[in-house]
Amino acid sequence: MASRAAVRGWGKAGLLDGPATAAALELYPLPGAVRGPVWRGLVFFFISAAILAFAGGTFALVEPRRAEGFGRLLLLLGAGCVAATETIVSRFRNLPTGAEAACSLWAVAFTGGGLVVLLGAARLPDPFSQRLGLAALAAVLLLAAWRWGFRIYAAAGVLAALWSLAHFPAPRLLSAVGAVVSAAAATWALSRLDAAPSHRGALEAGRLAALAVLYATVNYLSVDHLFFERQLGLGFRAAAGAAALPLPVAAAASALLPAALLGWGIRSRERVVLLSGAVFAAVSLATVRFYVHVAPLWAVLAAAGTTLAAGALLLERWLERGDGEERRGFSAARLQEGERRERLLHVAAGLAAAPGARSLGGDDAGPVGGGGGLGGGGASGDY
Amino acid sequence: MSRDGTLERTVRRLVGAGLLDAPAAERLGRLSRGELVSIRLELQLALWAGVTMAAGGAGLLVKDHVARLGPVAIAAGLSLAAAICFLYVGRVAAPFSWGRVPSPTLAFDYVLLLGVLLLGTDLAWVEAQFTVLGPAWPWHLLLVAILQFALALRYDSRAVLSIACASFAAWRGVAVTFPFDRFPGARDEAIRGNAVAVGAVLLLAGLLLGRTGRKAHFEPVLGNLGLALALGAAVTGLFVGRGAAEPLWWLLAGAAAPAAIVLGYRARRAGYFAQGVIAAYLGLLRAFAEVADPDVGWLFVVSASSLGVVALLVSVHRRWGSRP
């Protein structure tokens with residue numbers, strides 16, 4: 001399926017001509033009827049409705065009065081969903097269908113929830129019970145990611161594992177070390193292992209989650225507000241005035257980490273790393289604005305937005321003027337995907353900028369009466 | 001860099017089958033080994049984020065500095081900014097065609113979007129400050145929608161088309177995001193009625209464009225949005241509507257949902273079909289709740305019926321896939 005999708009993408013991008021695309025697609029015949037995203041969404045919706053309704057009916061019938069009963073029932077439902085997922089994945093050749101996504105989601109939710117409830121019922125002392133609960137949840141999610149290869153399970157599993165580490169003494173340091181190890185392991189796996197496309201996506205998502213946690217441990221605002229030490233409600237309260245990381249170090253790291261990620265992304269041509277560096281750089285700049293009011297918010301937004309758009313345009317031009325419309329392995333041309341994502345992005349951009357509706361009925365006094373609004377695009381406001 | 005083993009094997013197989021010449025094999029080989037990467041999507045996201053932030057800044061400027069700058073200065077500033085955007089768009093745009101027109105540059109759609117946003121803000125500001133239309137002020141939204149629709153047609157922009165649809169709906173008091181930010185309550189019959197009317201107009205417009213082959217690629221945007229509004233209003237009317245209008249919602253949902261399913265199946269529009277199926281299912285659940293009091297057994301009925309719908313979908317999809 002992935003090869004077929006790649007061939008179609010290359011054909012749409014113009015890297016293969018029509019006859020070559022058609023001939024290449026014959027090398028990868030469809031194993032059966034393939035369902036598009038709308039069909040898969042529909043199947044996901046109804047399978048989820050079936051599972052949830054069944055679970056609700058079962059709970060209403062059994063009426064478990066104690067937490068242990070509740071937890072065991074959740075585990076039983078989880079086991080059923082695991083069996084369903086395995087059956088679908090092993091018997092259907094024309095994946096994805098949407099059904100395996102729904103069954104796996106509730107398998108993870110019920111199994112993880114059941115383990116957490118049972119651990120809570122065991123009345124283990126805090127914070128041991130919290131550590132164990134999060135570790136159990138992380139194990140379920142990471143196992144699901146390994147077995148079925150969904151991005152969301154990998155990302156959530158990494159986050160749960162690192163959050164579990166944050167319940168130990170020196171939470172910030174442990175989280176940072178854990179994030180570095182996770183990101184390194186994912187990077188190694190991506191470069192060395194011949195993983196299926198779904199598992200490659202899961203590894204990318206896990207790495208992104210790890211990088212996000214790493215950035216959160218060094219971000220100036222996070223250090224200043226003792227986010228890891230206090231906000232997570234972990235009980236390991238830092239001594240008054242003490243910081244887990246000196247603020248000047250946090251300030252330097254807030255600038256250096258995004259730059260390092262950008263450099264790594266450019267050197268290795270890893271889009272996810274590049275994107276994370278860009279996003280973290282934006283967050284660092286926003287953090288600077290939080291502390292230093294260099295200009296009114298409207299000016300900051302207008303200047304930043306204009307700079308971002310202009311920067312993207314200049315970068316596109318620079319890449320297009322390179323030899324073969326690329327420079328250093330980067331191109332702005334459509335190389336693999338068709339227009340579908342771009343079309344969806346355009347429609348989403350338009351709807352996101354949708355103007356607010358006017359009020360019907362009594363307060364049609366209009367703008368003079370204050371019933372006006374600015375049209376969308378983040379410019380929402382009344383006047 | 002990360003290598004994609006699946007892509008590498010695919011390229012080798014195509015080379016072995018003689019389907020790739022040397023330059024294409026070299027380029028695709030680099031692509032599969034991670035030596036060549038497209039950042040087109042990232043550039044578009046940056047453009048969209050930049051446009052949104054710039055428009056947001058303009059909105060805040062207007063909101064926070066009304067008294068200081070004065071209405072004329074603000075209107076002039078917004079007009080100038082919009083004019084610059086349209087100047088760029090006018091210079092680089094391809095000639096008009098009723099068919100698809102590819103964007104001449106990556107920035108084209110987003111500069112056009114920014115221009116349309118600024119123009120909309122400007123017109124709203126002028127109306128608010130100078131009350132050009134007086135008591136008929138809501139009509140400015142219709143005028144804006146018509147203008148946006150014309151721009152969408154001229155420059156073949158789905159983003160502007162989406163805004164035009166939203167402006168048209170806003171004129172009738174319907175926010176495109178209304179199912180999400182506020183669930184319509186029992187007293188929102190007028191909004192629901194308007195949503196049905198707006199949805200019907202959009203759907204018909206989409207079908208007309210599709211039939212006549214003029215900007216036929218706009219049909220999915222218009223059709224799906226129109227159907228979502230109309231069916232959404234009908235279904236919420238079923239669940240929360242009260243009073244004299246309640247039978248109308250039953251009638252409308254009972255007619256519109258099957259019609260959407262048939263239309264979607266015949267026209268091979270998965271979006272129409274999906275919306276019709278969901279609306280029909282929710283309508284049937286509502287009807288069942290009228291007949292039988294919801295209790296524990298009801299949940300098992302819902303579960304079984306959902307699985308039944310999945311079986312039906314699988315069967316329909318098989319037939320769908322086997323049709324020429």
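Not measured: the values here are computed from a predicted model. Values below: every heavy atom of this structure, side chains too, minus hydrogens, waters and symmetry copies.
- Both the backbone and the side chain of B:Val37 come within less than 4.5 Å of a heavy atom of chain A.
- Within a 6.0 Å radius of CZ in B:Arg9, more than 12 heavy atoms belonging to other residues, nucleotides or ligands are found.
- Of the listed residues B:Ala270, B:Gly50, B:Ser305, the one with more heavy-atom pairs under 4.5 angstrom with chain A than any other is B:Gly50.
- A salt bridge between A:Arg269 and B:Glu35 is absent, with no side-chain N of the basic residue lying under 4.0 Å from a carboxylate O of the acidic one.
- Ring geometry for B:Phe300 versus A:Phe54: interplanar angle over 60°, hence perpendicular rather than tilted (30 to 60°).
- The line from CG of A:Leu313 to OH of B:Tyr110 is 11.0 Å long, rounded to the nearest 0.5 Å.
- Contact count versus chain B (heavy atoms, under 4.5 Å) is highest, among A:Pro197, A:Ala332, A:Gly41, A:Ala299, for A:Ala332.
- Ranked by non-hydrogen atom pairs under 4.5 Å with chain A, the options B:Ala49, B:Ser306, B:Gly297 are led by B:Ser306.
- Interface remark: B:Leu28 contributes side-chain atoms only to the contact with chain A (heavy atom separation under 4.5 Å).
- A:Thr58 OG1 to B:Leu299 CG: the interatomic distance, rounded to the nearest 0.5 Å, is 9.0 Å.
- The distance from the CG atom of B:Leu313 to the CG atom of A:Leu42 is 5.0 Å, given to the nearest 0.5 Å.
- A salt bridge between A:Glu326 and B:Arg27 is present, with a side-chain N of the basic residue lying under 4.0 Å from a carboxylate O of the acidic one.
- Only the side chain of A:Leu319 comes within contact range of chain B, with at least one heavy atom under 4.5 Å from a heavy atom of that chain.
- In this structure, CD in A:Glu316 is found 9.5 Å from CD1 in B:Ile39, a value given to the nearest 0.5 Å.
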Would A:Leu275 and B:Glu42 count as a side-chain contact (heavy atoms from CB on, under 4.5 Å) here? Give the steps.
CA-CA 8 Å; A:Leu275 190 62; B:Glu42 286 78 4; 4.1 Å; yes
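- Listed here is the closest heavy atom pair of A:Gly305 and B:Met53: CA-CB, 3.7 Å.
- Listed here is the closest heavy atom pair of A:Leu301 and B:Gly56: CD1-C, 4.2 Å.
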Show your reasoning for whether side-chain contact (heavy atoms from CB on, under 4.5 Å) applies to A:Phe45 and B:Val309.
CA-CA 10 Å; A:Phe45 175 84; B:Val309 173; over 6 Å; no
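- Of all non-hydrogen atoms in B:Ser303 and A:Ala53, the two that sit nearest each other are N-CB, 3.7 Å.
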side-chain contact (heavy atoms from CB on, under 4.5 Å) for B:Leu307 and A:Phe46? Distances and angles first, verdict last.
CA-CA 7 Å; B:Leu307 290 177; A:Phe46 282 103; over 6 Å; no
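- When the candidates B:Val302, B:Leu61, B:Val144, B:Val116 are compared by the number of heavy-atom contacts under 4.5 Å with chain A, B:Leu61 comes out ahead.
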Apply side-chain contact (heavy atoms from CB on, under 4.5 Å) to residues B:Leu36 and A:Ser331 and explain how you reach the verdict.
CA-CA 7 Å; B:Leu36 176 62; A:Ser331 172; 4.3 Å; yes
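- Rounded to the nearest 0.5 angstrom, B:Leu43 CG and A:Leu308 CG are separated by 10.0 Å.
- In terms of non-hydrogen atom pairs under 4.5 Å with chain B, the most contact-rich of A:Ala196, A:Ala55, A:Ala50, A:Gly56 is A:Ala50.
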